[in-house]
Amino acid sequence: MRVLLFDIDGTLIRSGGAGKYSMEAALQAAFGLTEIRDRVSYSGRTDRAIIHDLLLLHDLAATPENARLLEAAYLAHLPEALATREGLVLPGIVETLARKHDGIAIGLLTGNVAAGAAIKLKHYGLADHFAFGGFADNLSRRDDVARRAFAEAERHLNMKLDPANVWVIGDTPADVQCARAIGAKAIAVQTGWHTPEELAAAGPDHLFPDFTHARELWPVWGMME
Ligand SMILES: [Mg+2]
């Protein structure tokens with residue numbers, strides 16, 4: 001059995017900034033802030049880590065209660081933000097997902113919390129393709145999300161997996177790094193916010209301009225033309 005674990009933002013979709021917009025709207029709604037400071041990195045990071053940094057940057061205590069408040073407000077704003085922003089499903093994703101078969105399992109490995117991931121995938125019509133995944137609920141480090149995704153894949157498939165048959169697909173150096181944390185192969189795609197040089201420096205097994213180039217791996221995955 002082979003397993004593909006997909007990142008969401010910058011890999012499956014681009015949301016036109018809806019995620020960041022929702023988080024900033026949530027800061028205003030949950031804490032009455034009028035000035036949003038825009039110095040937190042989102043790319044390749046977990047929602048929990050982003051929320052932690054946003055709280056501190058706005059002189060709010062990074063308590064579990066404040067994190068829960070901000071996350072709830074973020075999730076409340078997300079559907080409308082997705083509906084009003086110009087996003088897209090990235091090239092090569094739909095055609096690859098359409099080639100699922102018995103020998104391959106397709107899941108998620110994302111810094112999103114599960115509820116946020118579900119909202120995004122539903123909006124873009126991708127939700128039905130992913131039966132399991134590792135999400136960032138209660139986890140800050142992406143390497144831990146990768147371990148969770150691997151465990152969820154084994155649980156969903158009810159079998160032990162060889163990490164050499166697992167591919168992690170993402171748009172950031174952090175995606176490549178977390179693949180290594182579980183001994184998996186790494187595919188980096190240049191459809192996010194990182195330069196080819198930055199991605200190459202992380203040492204992925206494959207570096208593609210976009211996921212249409214993953215067609216060269218279809219024979220490896222047992223996918224037919
Ligand atoms: Mg990403």
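Numbering of ligands and ligand atoms starts at 1, following listing order.
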> salt bridge (Lys or Arg N to Asp or Glu O under 4.0 Å) between R68 and E71: does it pass, once the steps are laid out?
Replying inline: CA-CA 5 Å; R68 269 195 298 275; E71 183 187 306; over 6 Å; no
> Taking it one step at a time, do K20 and D9 satisfy salt bridge (Lys or Arg N to Asp or Glu O under 4.0 Å)?
Replying inline: CA-CA 11 Å; K20 185 164 181 278; D9 299 287; over 6 Å; no
> For D7, what is the atom name of its N, O or S atom nearest to the Mg ion (ligand 1)?
Replying inline: OD2
> Do side-chain atoms of R148 reach the backbone of F135 as a donor and acceptor pair under 3.5 angstrom?
Replying inline: yes
>> Counting backbone and side-chain atoms alike, is an N, O or S atom of D175 positioned under 2.8 Å from the Mg ion (ligand 1)?
In response: no
>> What do you get for the angle at the Mg ion (ligand 1) between OD1 on D171 and O on D9, to the nearest 10 degrees?
In response: 90°
> Parallel, tilted or perpendicular: which describes the rings of F211 and W221, with under 30° parallel and over 60° perpendicular?
Replying inline: parallel
